[in-house]
Amino acid sequence: MSVVTAEHGHDHHDDHAHGPEKGWLRWIVTTNHKDIGTLYLFFALAMFFVGGTMAMIIRAELFEPGMQFVDPKFFNSMTTMHALVMIFGAVMPAFVGLANWMVPMMIGAPDMALPRMNNMSFWLLVAGILLLASTLFMEGGAPAGGWTLYPPLVLQTGKALPFAIFSVHLLGISSILGAINIVATILNMRAPAMSLMKMPMFVWTWLITGFLLIAIMPVFAGAVTMLLTDKFFHTSFFDAAGGGDPVLYQHIFWFFGHPEVYVMILPTFGVASTIIPVFARKPLFGYSSMVYATAAIAFLAFVVWAHHMFTVGMPISGELYFMYATMLIAVPTGVKIFNWTATMWKGAMTFETPMLFSIAFVVLFTLGGFTGLMMSIAPADFQYHDTYFIVAHFHYTLVPASIFMLMGAGYYWLPKWTGHMYNEKVGQLHFWLSAISVNILFFPQHFLGLAGMPRRIPDYAIQFSDWNMISSIGGFIFGASQLLFLWVVIDTIKGGTGEKVTDEVWEDAHKHGLEWTLPSPVPYHTFSTPPTMIPSDHR
Amino acid sequence: MSTSNTTYYIPHRATWPVLATAGLLTTLVGFANYLNGSSIGSTLMIAGLAILVVMLAGWFTLQATESESGMYNHGVGVSYRMGMMWFIFSEIMFFAVFFGTLWYTRNLSVPWLGGEGAKLATKEILWPAFNAVWPTNGPANVGGHFEPMGAFGLPLLNTLLLLTSGVTCTWAHHGLIAKNRKQLIQGLIATVALGFAFVLCQAFEYHEAYTEMGLTLGSGIYGSTFFMLTGFHGFHVCVGAIILSVVLFRSAKGHFTPENHFAFEAAAWYWHFVDVVWLGLFIFVYLM
């Protein structure tokens, strides 16, 4: 098997691989999985800083009680847009970027299964985010009712409403096409020796994530479509006067929304399962249980949505069912935490930056998981609901989990992508500053929430002052530290430490993944012929 | 191409996807502006749709040319089939939202508005006079008096039309496999004709609803769910019929072999999916 490339369908002449297109047009018309992966990753990094700036505005306003910098309407827009930009612009695209870069290389495929569609997924993402960002400059301001877009509140949005809704549609199409592509690649493009149960965990987690995305993005699209018709076409889906129900929106939204949070965490698990064995110098502990745990988490994701709505006024039987079902998630998640720990147990561990981020992930994600368990208890959740406790909870599962593992993945694969070694000293400084400041930032928010401070407010009662100030200081340090990561990325691309990296970069990494059997930097086209051997630590 | 059966075709320099994105973005920006009452809205929308039409024609032509010149091996065909299957799965989830909405309102929220369960006090305080019986346009009688749509007129005819079109589509497929091009083309013509006949009947049905029955999209939750479900379905019938027309056009040009006819299969799968959704609609929207 060899790769055939052709000039746009006309001139398919030969069997040898083309190099990249010359000039900037390369990035517009590319169908190469590595190019598209790079586009996704840079776009995600840019959006990480845009969303981060919004977070800085929020923390600046909350630095002390009273109104300081922004008006309340704009503050609400910031909380809403921060969430939407971070979820749909930063975390999800970053993982799609990693999937684009790594999945074909990890399974020994020449490229993604549907390369033209791959290009379209990326550009639809850019279009969707452009629409979303444009709402900031519209009459009536950007959406300010929270990222969940609950009616009837969200229907009070000004000119921005249809733009925000169509942005969701575009982002949804982008995600569905991207996910279809990844699933088809994994199911159809593996090297002959790579059976499903020999795939790297990152590939497994993305296969399951892809399934989740294809199942849920249309649900969100349907929900926002009904918002649109309720606002502009006289329907009554979410209006009790016409026989509808605003709570129905919440059910539909969270049927999307709960699997959506696993879309952000499952690839995170995949990255951790990739990095930890390499630096513990042991195969991943309990591979098959990891696969089954991932699948179990994905299944449970579809049957627990109403734990986001305990206080909305559900029948008691509903409250009980959703409480117990939610608690079940702790079991497969516990299996995963146990396996990562057991992988490290008696390993010959070293602590390069990717491993530091991974260890911090295991510890801090466990903490975020525990607060999740606390909130699954319906009667207790009546106290926690819509307070800073929930803000602390999901930020622990997103920042020191998803974001940390994205950073870890960056440090882990940058040498492979660029052929240069990153600056380890700066990397470690970045890690320690991030790991300490993220706890200063989010840990006090648990206390604030338990004491009753509501989320999504620009001003607060005076007794919340101290912890808010500490949290804001942590936030500013965390935000500033991320500039170090930007520096590392640029520096590594430009040549890094000047040290020439080997093909396997990390000691014995070739045992852990096919990508380390390729040259560093990786050529434009890889595995034109599928590999016949797969790494020994794949079982 | 001589090596075509051993290579996985990786296209190079894709221009249609970017144009597709530009078309979609222009259409949606236009639609949003139109909804906000801006005068440039409809112009932008038409421009965007024009871009999309050009894009679809160009992209389909490219794919057909590549396919006919034998550039897609078995592996590429499997990827396309997987892509189509997962796409249809996403469509099923999209329709599930509206079926779910219908179920929820009929079985939960409307009875609650009528005071069922723990909601008696709510009803007594808010809408004591509300009689929670389906079909309803809600306690505020939103949209005024309306007649619900019966099942045994045009809808039954439409059911027969679509079911027959499923048969003719399969008949065409058998023709394709038996290398009987005449049967293939006749089957496809019948399928497309039945599809457009369905759309025509639905147009009559909507016209009757709006002009004689007082039933509109604004007729409370009944009108909302009725038109949303049947409307999105009708849109999908149109899309399916257009896809089948493209397949018919290609069949007439001599495309497809018994071994290699992904486009036909994809169109047929899509058509059967649309068919099954209609059966769901006929049962849950019209009959029950």
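In the text below, chain A, chain B and the rest are named by the order of the sequence lines, each starting its count at 1.
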Result of checking F238(A), F220(A), F237(A), W254(A) against Y249(A) for ring pair (Phe, Tyr, Trp, His ring centres under 6.0 Å)
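Option passing the ring pair (Phe, Tyr, Trp, His ring centres under 6.0 Å) with Y249(A): F238(A).
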
Heavy-atom cut-off 4.5 Å, strictly under: side chain, backbone, both or neither for [X] against chain B?
{"X": "S174(A)", "value": "neither"}
{"X": "F256(A)", "value": "neither"}
{"X": "L248(A)", "value": "both"}
{"X": "I252(A)", "value": "side chain"}
{"X": "M217(A)", "value": "neither"}

Could you check whether Y72(B) and F262(B) have their ring centres less than 6.0 Å apart?
no

Could you name the residues of residues 130-144 of chain B that have a heavy atom within less than 4.5 Å of a heavy atom in chain A?
N137(B), G138(B), P139(B), A140(B), N141(B), V142(B)

Is any residue of residues 107-115 of chain B within less than 4.5 Å of chain A by heavy atoms, and which ones?
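Those residues of residues 107-115 of chain B which have a heavy atom under 4.5 Å from chain A are S109(B), V110(B), W112(B), L113(B).
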
Partner chain A: residue of [options] with the largest heavy-atom pair count (under 4.5 Å):
{"options": "L25(B), L35(B), T216(B), V29(B)", "result": "L35(B)"}
{"options": "R81(B), E91(B), M228(B)", "result": "M228(B)"}
{"options": "T105(B), V18(B), L19(B)", "result": "V18(B)"}
{"options": "W127(B), F95(B), F87(B)", "result": "W127(B)"}

Side chain, backbone, both or neither: which part of A118(B) has an atom under 4.5 Å from a heavy atom of chain A?
neither

Are the side chains of L228(A) and F166(A) in contact, using a 4.5 Å heavy-atom criterion?
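Yes, their side chains come closer than 4.5 Å.
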
Taking salt bridge (Lys or Arg N to Asp or Glu O under 4.0 Å) as the definition, give me every residue that meets it alongside E68(B), ordered by chain and number, with sequence neighbours left out.
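Counting only residues at least two positions away or on another chain, E68(B) forms a salt bridge (Lys or Arg N to Asp or Glu O under 4.0 Å) with R250(B).
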
Would you give me the side-chain donor-acceptor pairs under 3.5 Å for residues 127-134 of chain A, sequence neighbours excluded?
residue	atom	partner	partner atom	Å
S134(A)	OG	L131(A)	O	2.6

